[in-house]
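Residue numbers run from 1 in the order of the sequence given.
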Amino acid sequence: MKKIFTLCFMAIALMASANTYTLSQLAELVPALEDGTGVAVVDGAYVINLPASLPEGVSGLGYDDNNIVLTKTYFTINGDLIISEGETLLFGGSSTMEVNGNLTITNATIGAAPGSEGTAKGFRMYMEGASATITGSTFNYVGINYGNGTEEGCLTATGCTFNNHNSKGGNAVINFTSLSKGNLVQDCVFENPTLSSVASGANVACGITIKDNIINKPTASTRLYPGINMSATGPYDIVIDGNEVHGAAAETRSGGIALACLLGNPPTGTLYVTNNFVENCSYGITLTGPGNVRMIGNTVLNNKYINNPNNGGSGLNITCNSANVIAKAYMQGNHIEGNVWGITVIGNVEINAGYLEESKDMEYNPGGNVFKDNGNGDPFVKYDFYNNTAATSYAQGNTWNVEVQDFEHIAEVVVDKADDPSLGEVIYMPAAEQPIEYNDFYLVGTFNGWSQEEGMIELVADDDNYMHVGTVNLEAGAEFKIITPLENDEWMWFGGIDENNVGYFLINDDIINNGVNEIYLLGDANFKVENAGNYTITVYVDYTTKETLGGSYILWMNIIKNDPQAITTISVDENSNEWYNLQGVKFNGMPSVPGIYINNGKKVVIK
């Protein structure tokens with residue numbers, strides 16, 4: 001289409017239309033001029049460039065009835081833009097594409113033109129009610145500034161990869177600049193951004209879910225920018241869940257996850273920071289200013305890369321320096337390890353890191369936070385909890401970085417009123433019940449008269465104390481249980497769940513038919529075998545689960561019925577790499593389920 005020189009006023013540039021454009025249409029409507037201005041197609045990619053200069057009195061170049069306008073700053077589209085699968089859009093120079101409508105990008109590549117990696121900016125969307133939907137796409141060097149200023153429309157980015165953001169278009173790869181809600185950033189990967197990956201302005205109310213993303217080497221700059229940096233003002237909930245933030249393990253001042261209410265009114269929405277993993281940053285997770293935050297199930301590991309302990313390094317931090325507003329934090333089930341400080345609280349804050357009473361004054365909280373190797377100084381001083389406030393903080397039901405979980409020892413890793421009368425107290429007793437460390441297991445039952453002295457069958461442990469194995473001859477209808485010794489000559493007994501109300505847990509051929517049966521030791525019922533035979537019983541101590549049984553790890557059992565005839569009749573070449581279970585059943589390849597198997601004529605234990 002013929003190029004039109006026109007005076008382009010801001011009012012015209014912000015007028016959205018019902019037009020919908022594709023990249024191929026843009027190339028036809030705004031073909032590149034000799035100086036590169038417009039849209040060029042280079043090696044299959046669409047490359048945009050803005051005019052370096054304009055005639056006197058002309059503020060922009062208008063196309064398609066001024067629905068497309070090029071200025072020295074923006075390539076403005078007054079309408080919707082669709083970028084489809086397999087397409088590539090590259091930004092030349094310091095160009096920005098302003099979309100005053102809806103933006104849809106699906107399985108495409110967005111980046112900087114060659115030579116523009118350090119200057120190209122990306123997208124900007126400020127039109128009221130406009131939405132951005134970005135799926136399965138790759139962004140290189142550029143990002144998006146989004147803020148439609150209303151509760152209508154939102155930004156959704158899912159399954160995308162963002163590489164080497166240069167921060168020229170904003171302080172984050174995805175940067176929220178004005179009010180919006182219903183936003184979602186999920187299953188994305190952010191590699192080596194210069195500043196933050198997802199952020200919002202200091203006074204921007206932004207309702208958003210940031211979930212299951214991976215951020216690698218956030219904030220290469222020495223400026224203090226975290227991987228996720230959200231303003232906590234406004235009425236909307238913010239959910240930050242299941243993300244991984246992997247710092248560079250260097251003093252770049254790269255933070256993990258930050259929420260802040262520094263300007264505007266205190267937030268009325270709730271801030272959920274749950275199940276995130278933050279490591280090797282200058283700090284882990286923090287709230288600055290007033291707000292109501294719930295920090296649950298996070299792991300903050302080795303966030304110690306700060307040149308001065310007084311400037312950061314906390315695993316979890318809550319700071320509110322205003323006397324007129326308050327920050328409230330609920331902390332449960334967090335793993336806090338290797339940081340300069342464990343939990344630090346400063347100013348006007350209310351901390352519930354474990355509250356084991358039923359009360360109208362504070363929410364019940366089982367605690368479950370684990371502290372390990374937090375501290376600083378030479379010689380090294382442990383700091384699990386530093387209460388730099390005048391208020392009482394609660395931290396009951398937690399596991400502290402001390403050998404004995406009692407008042408005297410925990411006091412060594414807590415700074416509070418006992419150390420400085422101007423500080424508030426930390427209520428940390430009772431601490432968490434410590435898991436029972438299982439070392440030995442035995443079988444007892446009708447076969448030995450239920451004796452704990454004679455005829456027990458020892459289950460032999462592997463080197464990791466994870467798997468305990470033994471064999472026993474049982475008559476039809478025989479009953480048994482698993483027992484383990486405790487202190488003071490006592491025993492703990494483990495049985496099954498009597499789901500059918502018959503008085504026992506029946507082990508029949510249906511259960512053991514496949515050779516693999518995960519029977520959890522969660523009940524009081526005896527195990528009863530339907531048929532006589534020689535049985536191999538394996539008890540597993542599941543150290544990975546967070547669930548506990550009476551303060552111990554979850555246990556489960558596998559039982560198989562051995563057929564000696566089947567085993568002795570297996571003819572196996574020692575170099576055949578064939579696999580059988582103890583019943584003589586052949587597998588197609590190495591089994592994936594833990595147990596005892598025959599491989600190359602030998603018994604092999606798979607963990």
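Relative to the six-membered ring of Tyr272, Arg294 misses at least one condition, a distance below 6.0 Å or an angle of at most 45° to the axis.
Between Phe494 and Phe441, the ring planes are tilted. Angles from 30° to 60° get that label. Relative ring orientation between Tyr355 and Tyr394 is described as perpendicular, the plane-to-plane angle rising above 60° on a 0-90° scale split at 30° and 60°. Using cut-offs of 30° and 60° on the angle between ring planes, the pair Phe190 and Phe162 is parallel. The aromatic rings of Tyr383 and Trp341 are tilted relative to each other, their planes meeting at an angle between 30° and 60°.
A side-chain donor-acceptor contact under 3.5 Å links Asp509 and Asn531. No side-chain donor from either of Asp416 and Asn387 sits under 3.5 Å from a side-chain acceptor of the other. Between the side chains of Thr158 and Asp187, no donor-acceptor pair is found at a separation under 3.5 Å. For the residue pair Thr344 / Asn317, a side-chain donor-acceptor distance below 3.5 Å is found, with atom types taken as modelled. A side-chain N or O of Asn339 and one of Asn303 form a donor-acceptor pair less than 3.5 Å apart. Side-chain N/O atoms of Asn216 and Glu191 include a donor and acceptor closer than 3.5 Å. There is no side-chain donor-acceptor pair under 3.5 Å between Asn508 and Glu530.
The line from CE of Met492 to CG of Leu521 is 11.5 Å long, rounded to the nearest 0.5 Å.
Here the side chain of Asp498 pairs no donor or acceptor atom with the backbone of Phe505 at under 3.5 angstrom. When atom types are taken as modelled, the side chain of Asn369 and the backbone of Asn334 share a donor-acceptor pair closer than 3.5 angstrom. Side chain of Asn183 to backbone of Leu155: a donor-acceptor contact under 3.5 angstrom is found. With Asn398 contributing its side chain and Gly368 its backbone, the two residues share a donor-acceptor pair below 3.5 Å. A donor-acceptor pair is defined here as one N or O able to donate and one able to accept, closer than 3.5 Å; no such pair exists between the side chain of Glu454 and the backbone of Ser451. When atom types are taken as modelled, the side chain of Asp384 and the backbone of Trp400 share no donor-acceptor pair closer than 3.5 angstrom.
None of Val273, Val198, Ile228, Val185 except one satisfies the side chain to side chain contact (heavy atoms under 4.5 Å, CB included) rule with Asn243; the exception is Ile228.
With a 6.0 Å radius and a threshold of 12 heavy atoms from other residues, nucleotides or ligands, Phe407 has its CZ atom at or below the threshold. Surrounding NZ of Lys481 are more than 12 heavy atoms belonging to other residues, nucleotides or ligands, all under 6.0 Å away.
Scanning both residues, Cys154 and Gly182, for their nearest heavy atoms gives SG-O, 3.5 Å.
Taking the six-membered ring for Trp, His246 and Phe277 have ring centres closer than 6.0 Å.
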